[in-house]
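Predicted model, so just to flag it, every value in this text is computed and none were measured.
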Amino acid sequence: MSFRLEPERTFRDALAQEPGAKIGLWVCSGSPLVAEIMAGSGADWLLIDTEHSPNSLESVLAQLQAVHGYPVVPVVRLPWNDVVLIKQYLDLGAQNLLVPMVNDAEQARAAVAAVRYPPHGVRGVGSALARAARWNRIPDYLARANQTISLTVQIETTEAVANVEEILAVDGVDAIFVGPSDLAASMGHLGEQEHPEVISAVERCLAAAGTAGKPAGVNAFVEATARHYLDAGARFVLVGADVAILARSSEQLAERFATVTARRTADDGGRRTADDGGRPASY
């Protein structure tokens with residue numbers, strides 16, 4: 001007799017059912033092994049990225065499998081708000097989607113339609129072939145599919161900030177996520193995520209979400225900024241990325257030992273100079 005399975009809880013459910021903010025980590029390496037390491041970190045959620053990372057359908061599938069069973073909620077960011085891509089990632093079992101560059105209510109409604117089956121949307125039906133339904137081992141998947149999916153849309157342009165209330169009002173948008181990097185560029189402050197105007201725009205979005213009764217999140221790798229946004233009402237925050245953690249930590253480790261090596265080399269050179277009657281060590 002075959003198994004009968006239940007879907008994992010969604011990011012929407014985790015935000016609604018548990019108090020406090022959710023701290024997340026970005027997974028950009030494309031490695032299932034690294035994703036599993038990050039899943040055991042104690043973070044509440046992971047963002048598996050396909051927009052700016054070397055990920056494909058196959059590598060995302062492997063990462064979802066790698067983090068399954070850990071007490072962490074995986075969210076997959078798509079490369080674009082595209083109905084075909086959304087269908088494919090949903091079918092491989094990504095339950096929680098983050099759609100980038102959503103600038104207005106019409107684009108938000110398109111994303112909602114893409115995650116829902118007809119008559120409420122346009123998602124193609126292939127559940128018997130798909131990991132999403134565990135190959136029809138999840139009872140009544142087609143009727144329950146909407147309950148198994150959460151949709152977050154990304155606010156990252158001045159246009160999106162101006163339209164944030166309309167975007168939040170779209171039925172089926174479960175949360176918004178603010179991207180300060182692209183937002184800063186859109187505002188003429190490329191590379192200045194800490195610019196006061198950028199921070200003010202983020203705060204506007206957080207306040208609008210609070211008024212609408214929907215959770216909002218933000219990306220903030222600077223600890224003081226992350227804490228500021230949490231105090232301003234952010235319900236979920238990304239505070240680091242696997243590749244950035246590896247890059248900075250490896251640099252710091254190498255620098256510490258390079259300093260020790262340089263000091264020892266200098267000390268050895270001084271001793272040789274003294275032993276050679278004051279001649280330079282390179283003599």
Pair Asn55-Gln63, side chain to side chain donor-acceptor pair (under 3.5 Å): steps then yes or no: CA-CA 10 Å; Asn55 271 311; Gln63 288 170 81; 2.7 Å; yes
Side chain to side chain contact (heavy atoms under 4.5 Å, CB included) evaluation trace for Met101 with Asp182: CA-CA 9 Å; Met101 289 290 178; Asp182 279 305; 3.7 Å; yes
Residues Tyr229, Ile199; criterion side chain to side chain contact (heavy atoms under 4.5 Å, CB included); working and verdict: CA-CA 9 Å; Tyr229 289 145; Ile199 292 176; 3.4 Å; yes
From CA spacing to verdict: side chain to side chain donor-acceptor pair (under 3.5 Å), Gln193, Ser181: CA-CA 6 Å; Gln193 294 91 323; Ser181 294; 2.8 Å; yes
Candidate pair Gln154 and Arg77, rule side chain to side chain donor-acceptor pair (under 3.5 Å), full reasoning: CA-CA 9 Å; Gln154 191 157 356; Arg77 182 168 75 167; 3.3 Å; yes
Verdict with supporting geometry, Asn96 and Thr10, side chain to side chain donor-acceptor pair (under 3.5 Å): CA-CA 6 Å; Asn96 309 295; Thr10 66; 4.6 Å; no
Full working for salt bridge (charged side-chain N to carboxylate O under 4.0 Å, His left out) between Arg256 and Glu251: CA-CA 9 Å; Arg256 288 203 301 273; Glu251 291 163 359; over 6 Å; no
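Side chains of Glu194 and Thr225: a donor on one and an acceptor on the other come within 3.5 Å. Donor-acceptor pairing under 3.5 Å is recorded for the side chains of Asn103 and Thr157.
Looking only at distances, no side-chain donor or acceptor of Ser53 sits under 3.5 Å from a matching main-chain atom of Thr50. Proximity of a side-chain donor or acceptor of Arg235 to a complementary backbone N or O of Pro19 within less than 3.5 Å is not detected. Remark: side-chain polar atoms of Ser41 are not paired, donor with acceptor, to backbone N or O of Ile37 under 3.5 angstrom. Not a single donor-acceptor pair under 3.5 Å links the side chain of Asp140 to the backbone N or O of Ala143. In this structure, Gln95 contributes its side chain and Glu8 its backbone to a donor-acceptor pair below 3.5 Å. Of the possible polar contacts, one joining the Ser59 side chain to the Ser56 backbone as a donor-acceptor pair under 3.5 Å is found. The backbone N or O of Arg131 lies less than 3.5 Å from a partner atom in the side chain of Arg134, making a donor-acceptor pair. No side-chain donor-acceptor contact under 3.5 Å links Asp44 to the backbone of Gly24. Formation of a donor-acceptor pair under 3.5 Å by the Asn163 side chain with backbone atoms of Glu159 is found in this model. Distance alone, capped at 3.5 Å, is enough to place a donor-acceptor pair between the Asp242 side chain and the Ser29 backbone.
Side-chain atoms of Ser186 and Glu156, non-hydrogen and from C-beta on, never get closer than 4.5 Å to each other. Counting heavy atoms from C-beta on, the side chains of Leu46 and Val75 never come closer than 4.5 Å. Taking 4.5 Å as the limit, some side-chain heavy atom of Met38 sits within range of a side-chain heavy atom of Ile245. Residues Tyr141 and Trp135 have side chains not in contact (no heavy-atom distance under 4.5 Å, counting atoms from C-beta outward). In this structure, Thr152 and Leu97 have side chains that are not in contact, with every pair of non-hydrogen atoms separated by 4.5 Å or more. Side-chain contact between Ile167 and Val153: present, with at least one pair of heavy atoms (C-beta onward) separated by less than 4.5 Å. Inter-residue side-chain proximity for Glu6 and Pro139 is flagged as met; some heavy-atom pair is nearer than 4.5 Å. Looking only at side-chain heavy atoms (C-beta outward), Leu98 and Leu78 stay at 4.5 Å or farther from each other.
Closest approach of Ala160 to Ile155, counting heavy atoms only: CB-CG2, 3.6 Å. Residues Pro32 and Ala62 come closest through the heavy atom pair CG-CB, 3.6 Å.
Rounding to the nearest 0.5 Å places CG of Leu47 at 9.0 Å from CZ of Phe11. Separation of atoms CG (Leu151) and CZ (Arg12) is listed at 9.5 Å; rounding is to 0.5 Å. Residue Asn219 holds its CG atom at 11.5 Å from CG of Leu183, rounded to the nearest 0.5 Å. Taken to the nearest 0.5 Å, the OG atom of Ser150 stands 8.0 Å off from the CG atom of Asp13. To the nearest 0.5 Å, the span separating CD1 on Ile48 from CG on Leu25 amounts to 12.0 Å.
Atom CG of Leu57 has more than 12 heavy atoms from other residues, nucleotides or ligands within 6.0 Å. At most 12 non-hydrogen atoms from other residues, nucleotides or ligands lie less than 6.0 angstrom from CG of Asp171. No more than 12 heavy-atom neighbours from other residues, nucleotides or ligands sit within 6.0 angstrom of NE2 on His68. Under a cut-off of 6.0 angstrom, the local environment of CH2 in Trp80 is sparse, with at most 12 non-hydrogen atoms contributed by other residues, nucleotides or ligands. For Arg144, the CZ atom sits in a packed shell: over 12 heavy atoms of surrounding residues, nucleotides or ligands are nearer than 6.0 Å.
Screening Ile86, Asp91, Val83 for a side chain to side chain contact (heavy atoms under 4.5 Å, CB included) with Arg123, the sole residue that qualifies is Asp91. When Val164, Val161, Val218, Val198 are each tested for a side chain to side chain contact (heavy atoms under 4.5 Å, CB included) with Val178, only one passes: Val218.
Ring-plane geometry between His195 and His189 is classed as parallel, the angle between the planes falling under 30 degrees on a 0 to 90 degree scale with a further cut at 60. In this structure, Phe236 and Phe177 have parallel ring planes: the angle between them is below the 30° cut-off, well short of the 60° mark.
Taking the charged nitrogens against the carboxylate oxygens, Arg109 and Glu166 have no contact shorter than 4.0 Å, which rules out a salt bridge. A salt bridge is absent between Arg248 and Glu255; no separation between the charged side-chain nitrogens and carboxylate oxygens falls under 4.0 Å.
Every side chain to side chain contact (heavy atoms under 4.5 Å, CB included) that Asn136 has, sequence neighbours left out, goes to Ser127, Ala128, Ala133.
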